[in-house]
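Written below as structure tokens is the structure these notes are about.
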Amino acid sequence: MEGPRHGQPPEVSDYVGDLTREPAPVTGQLAYESTFTAPTEWVPYVYTDAELHTIESRRRVSVAALVCGSAGLVLAVFGVWGAPLSFLAIVLALWARSTERLATPRWGYGLALGLVGLVFVGIWIAIISAAMKAVTAA
């Protein structure tokens, strides 16, 4: 029985033809047309002043989300006053998520702090509601 057996790799003698060919001889220099677009892959991109200004202004949104999330969490620990800042931190973080891909740690922490702040506000609302029920029932 010739050829490879089931489950075993083929042997070298099973290959009939040689699939390689001799390299082509070099006859001279390359034509200019063939190299016209090749070097553009390695040319670095230079940002314009407007693009740099846009990138800098976009960083402010993620920083604002982080600051609002931190302040909202601190205020939410002491009462429901942190709700507006925590909500604003979530909105700013979601906005920064679509515009600032490189600032993921900043808007990510802003989003997390805003959500934790809203959880604390929810706990405070539950505590105040239970206290109001106890006061009105008495």
statement: With sequence neighbours left out, the residues meeting side-chain hydrogen bond (donor to acceptor under 3.5 Å, both in side chains) with Arg106 are Ser62
task: Please write out which residues are connected to Ile127 in a hydrophobic cluster, directly or through intermediates, given that two of Ile, Leu, Val, Met, Phe, Trp, Tyr count as joined at side-chain heavy-atom separations below 4.5 angstrom.
output: Val119, Ile123
Anything under 3.5 Å between a donor and an acceptor, one on a side chain of residues 129-138, the other on a protein residue two or more places apart or in another chain? List them.
| unit_1 | atom_1 | unit_2 | atom_2 | d |
| --- | --- | --- | --- | --- |
| Ser129 | OG | Ile125 | O | 2.8 |
| Thr136 | OG1 | Met132 | O | 2.9 |
| Thr136 | OG1 | Lys133 | O | 3.2 |

May I have the list of side-chain donor-acceptor pairs in residues 69-85 shorter than 3.5 Å, sequence neighbours left out?
| unit_1 | atom_1 | unit_2 | atom_2 | d |
| --- | --- | --- | --- | --- |
| Ser70 | OG | Leu66 | O | 2.9 |

- prompt: If you group Ile, Leu, Val, Met, Phe, Trp and Tyr by side-chain heavy-atom gaps below 4.5 Å, do Leu115 and Tyr109 land in one group?
  reply: no
- prompt: If two hydrophobic side chains count as joined below 4.5 Å and joins carry through other members, does Leu113 share a cluster with Phe120?
  reply: yes
- request: Not counting sequence neighbours, which residues clear side-chain contact (heavy atoms from CB on, under 4.5 Å) with Ala65? List them please.
  value: Leu92, Ala93
statement: Taking every heavy atom of Ser86 against every heavy atom of Gly114, the minimum-distance pair comes out as CB-O, 3.4 Å
- prompt: Quick one: hydrophobic cluster around Val91, which other residues, with the 4.5 Å side-chain cut-off, linked directly or via members?
  reply: Phe87
field: Rounded distance (nearest 0.5 Å) linking atom CD1 of Ile90 with atom CH2 of Trp107
entry: 13.0 Å
